[in-house]
Student: 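First, the structure itself, so that you have it in front of you.
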Amino acid sequence: MFHAAVRSAARVALKPARPLAARALSTTPARFSGAPTAQVFGEGAKPGEVPTDDVQSTGLERLQVLGEKEGVEVFDLKPLDSSRIGTLADPVLVNSYTHSRLIGCTGSPAESHELLWMNLTTEKNRRCPECGSVYRLDYQGEDSVHFHGH
Ligand SMILES: [Zn+2]
């Protein structure tokens with residue numbers, strides 16, 4: 001349920017804004033797919049009740065609420081893995097939902113050398129010129145999704 005919600009919300013968030021069709025809202029949701037998709041909106045409060053985030057949050061906020069319930073950090077705040085030096089044979093994998101991601105290496109352990117920024121892409125692994133740690137982009141995205149500014 002949660003993972004399905006992440007997928008559908010990510011798809012919505014990443015899609016280029018489409019001009020809103022002049023279509024009645026009531027006819028829109030069910031038509032797009034045969035299979036039931038995860039809802040990124042709740043059922044709302046019952047009459048006489050004050051709504052909670054659980055029942056009334058929608059969209060990205062709801063995604064975070066659902067994530068918290070399952071102990072999943074939806075928007076990852078963890079720093080780059082600096083527990084080891086990546087080697088050519090066993091590079092440090094860096095998750096990404098796009099084909100490139102900026103990384104800042106400070107060596108292993110973290111802060112052992114000055115911060116060096118590198119642009120990691122799916123085409124090319126990067127090796128830090130300072131500590132020699134090798135990084136590889138671990139692409140998690142969907143190629144059917146198109147990104148702007150690329
Ligand atoms: Zn380094």
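Order of listing sets the numbers, starting from 1, for every ligand and every atom in it. Only heavy atoms go into these numbers, but all of them, side chains included; no hydrogens, no water, no symmetry mates. In this chain, residues are counted from 1 in sequence order. Please read these numbers as outputs of a predicted model, since none were measured by experiment.
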Student: Would the number of heavy atoms belonging to other residues, nucleotides or ligands and lying under 6.0 Å from CD of E111 be above 12?
Tutor: no
Student: T121 versus H99: any side-chain heavy-atom pair under 4.5 Å?
Tutor: no
Student: Taking atom CD of E43 as the centre, report whether more than 12 heavy atoms of other residues, nucleotides or ligands fall under 6.0 Å from it.
Tutor: yes
Student: Sequence neighbours left out, what passes salt bridge (charged side-chain N to carboxylate O under 4.0 Å, His left out) with D53? Give chain and number order.
Tutor: none
Student: Run through the protein N/O/S atoms less than 2.8 Å from the Zn ion (ligand 1) and write them out by chain and number.
Tutor: C105 SG, H113 NE2, C128 SG, C131 SG
Student: Check side-chain hydrogen bond (donor to acceptor under 3.5 Å, both in side chains) between D54 and all other residues, then give those that pass, not counting sequence neighbours.
Tutor: K69
Student: Test of understanding: with side chain to side chain contact (heavy atoms under 4.5 Å, CB included), list the residues that count as partners of L115, not counting sequence neighbours.
Tutor: T106, W117
